[in-house]
Trainee: 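Here you go, one structure.
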Amino acid sequence: MLGFVLAHIPWNAISNLELRRSYKALRDDLVLPSATTLSNICGGEYALTVDTIKKQLPSRNKFSLALDRWTSTNKLAITSVIAYYMDRNWALREVQLAFDEINLLFFSHFES
């Protein structure tokens with residue numbers, strides 16, 4: 001599943017007979033799930049991640065959102081959405097809400 005996510009391959013590609021044969025050639029005992037199963041697993045992981053983030057955010061407190069963008073040493077453009085808030089002890093806390101690679105060509109049009 002991780003390979004599909006990282007390579008941006010759609011779930012229904014697992015139904016392709018040649019792709020399934022390729023995986024089986026690499027490892028004969030491999031049990032390949034269906035596209036529906038992959039989608040359900042991913043949906044469950046997404047829901048678990050959202051619940052974890054919600055538990056980290058204060059329930060009756062205000063927070064600020066920040067958008068951060070940078071380029072890594074291997075030339076990947078990254079953006080992140082972070083929530084900042086003060087806890088009961090007045091300590092600054094942060095929770096990362098989103099993190100993704102972005103297309104540098106798109107943003108180059110907006111930079112001077």
Side-chain angles (χ1 to χ4, degrees):
M1 184 172 127
L2 184 59
F4 274 74
V5 172
L6 294 175
H8 301 286
I9 298 172
W11 299 130
N12 62 357
I14 197 70
S15 302
N16 181 286
L17 186 58
E18 292 304 317
L19 181 65
R20 294 181 78 81
R21 285 183 184 156
S22 298
Y23 275 107
K24 285 290 197 179
L26 293 172
R27 186 170 165 196
D28 190 42
D29 63 336
L30 183 65
V31 177
L32 293 171
S34 68
T36 302
T37 301
L38 283 175
S39 181
N40 290 340
I41 291 170
C42 189
E45 289 298 318
Y46 175 80
L48 182 63
T49 301
V50 168
D51 287 343
T52 302
I53 290 172
K54 283 181 179 179
K55 288 176 185 174
Q56 292 177 5
L57 290 172
S59 59
R60 295 181 183 212
N61 200 351
K62 294 181 180 181
F63 55 89
S64 297
L65 294 177
L67 180 65
D68 192 10
R69 186 182 72 146
W70 68 94
T71 304
S72 66
T73 55
N74 58 351
K75 304 296 184 206
L76 292 177
I78 306 294
T79 190
S80 179
V81 179
I82 303 169
Y84 292 96
Y85 65 95
M86 303 298 283
D87 69 10
R88 292 178 187 221
N89 298 320
W90 290 94
L92 180 62
R93 302 288 181 204
E94 65 181 60
V95 178
Q96 185 170 318
L97 302 177
F99 181 88
D100 202 1
E101 182 180 351
I102 57 175
N103 184 345
L104 274 180
L105 293 176
F106 174 77
F107 281 100
S108 66
H109 295 294
F110 299 105
E111 295 177 354
S112 53

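Atom set for the values below is all heavy atoms of this structure, side chains included, hydrogens, waters and symmetry mates excluded.
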Trainee: Over all heavy atoms of both residues, which pair between L30 and L32 is shortest? Give the atoms and the distance, please.
Mentor: CD2-CD2, 3.6 Å

Trainee: Who passes salt bridge (charged side-chain N to carboxylate O under 4.0 Å, His left out) against D51, sequence neighbours left out?
Mentor: none

Trainee: Hydrophobic clusters here meaning ILVMFWY residues chained together by side-chain heavy-atom distances under 4.5 Å, can you tell me if L67 and Y85 are in one?
Mentor: yes

Trainee: Rounded to the nearest 0.5 Å, how far apart are OG of S22 and CG of N16?
Mentor: 8.0 Å

Trainee: What's the spacing between M86 CE and F63 CZ if we round to 0.5 Å?
Mentor: 15.5 Å

Trainee: Rounded to the nearest 0.5 Å, what separation is found between the CG atom of L38 and the CG atom of N12?
Mentor: 10.5 Å

Trainee: Only counting residues at least two apart or in another chain, list the ones meeting side-chain contact (heavy atoms from CB on, under 4.5 Å) with W70.
Mentor: D68, I78, S80, F99

Trainee: Among residues at least two apart in sequence or on other chains, which ones pass side-chain contact (heavy atoms from CB on, under 4.5 Å) with S34?
Mentor: T36, T37

Trainee: Yes or no on side chain to side chain contact (heavy atoms under 4.5 Å, CB included) for Q96 and V81, after CA distance, side-chain angles and deciding distance?
Mentor: CA-CA 6 Å; Q96 185 170 318; V81 179; over 6 Å; no

Trainee: Filter on salt bridge (Lys or Arg N to Asp or Glu O under 4.0 Å), then keep only pairs touching residues 8-22, sequence neighbours left out; what's left?
Mentor: E18-R21

Trainee: Which Ile, Leu, Val, Met, Phe, Trp or Tyr residues join V31 in one cluster when any pair of side-chain heavy atoms under 4.5 Å counts as a link?
Mentor: none

Trainee: Hydrophobic clusters here meaning ILVMFWY residues chained together by side-chain heavy-atom distances under 4.5 Å, can you tell me if L17 and Y23 are in one?
Mentor: no

Trainee: My understanding is that only residues two or more places apart in sequence, or in another chain, count here; which of them pass side-chain contact (heavy atoms from CB on, under 4.5 Å) with A91?
Mentor: D87, R93

Trainee: Would you mind listing every salt bridge (Lys or Arg N to Asp or Glu O under 4.0 Å) that reaches into residues 23-34, with sequence neighbours excluded?
Mentor: R27-D29

Trainee: Through direct or indirect side-chain contacts below 4.5 angstrom among Ile, Leu, Val, Met, Phe, Trp and Tyr, which residues connect to Y46?
Mentor: V50

Trainee: A83 and L57: which non-hydrogen atoms are nearest, and at how many Å?
Mentor: CB-CD2, 3.8 Å

Trainee: Of all residues at least two apart in sequence or in a different chain, which pass the side chain to side chain donor-acceptor pair (under 3.5 Å) check with S72?
Mentor: N74

Trainee: Any chance you could measure T49, atom OG1, to L97, atom CG, to the nearest 0.5 Å?
Mentor: 12.0 Å

Trainee: With a cutoff of under 4.5 Å between side-chain heavy atoms, which Ile, Leu, Val, Met, Phe, Trp and Tyr residues group with L48?
Mentor: none

Trainee: Taking side-chain contact (heavy atoms from CB on, under 4.5 Å) as the definition, give me every residue that meets it alongside A66, ordered by chain and number, with sequence neighbours left out.
Mentor: Y84

Trainee: For the CD atom of E101 and the OG1 atom of T71, what is their distance to the nearest 0.5 Å?
Mentor: 10.5 Å

Trainee: Applying salt bridge (charged side-chain N to carboxylate O under 4.0 Å, His left out), name anything that partners R88, two or more places apart in sequence or on another chain.
Mentor: none

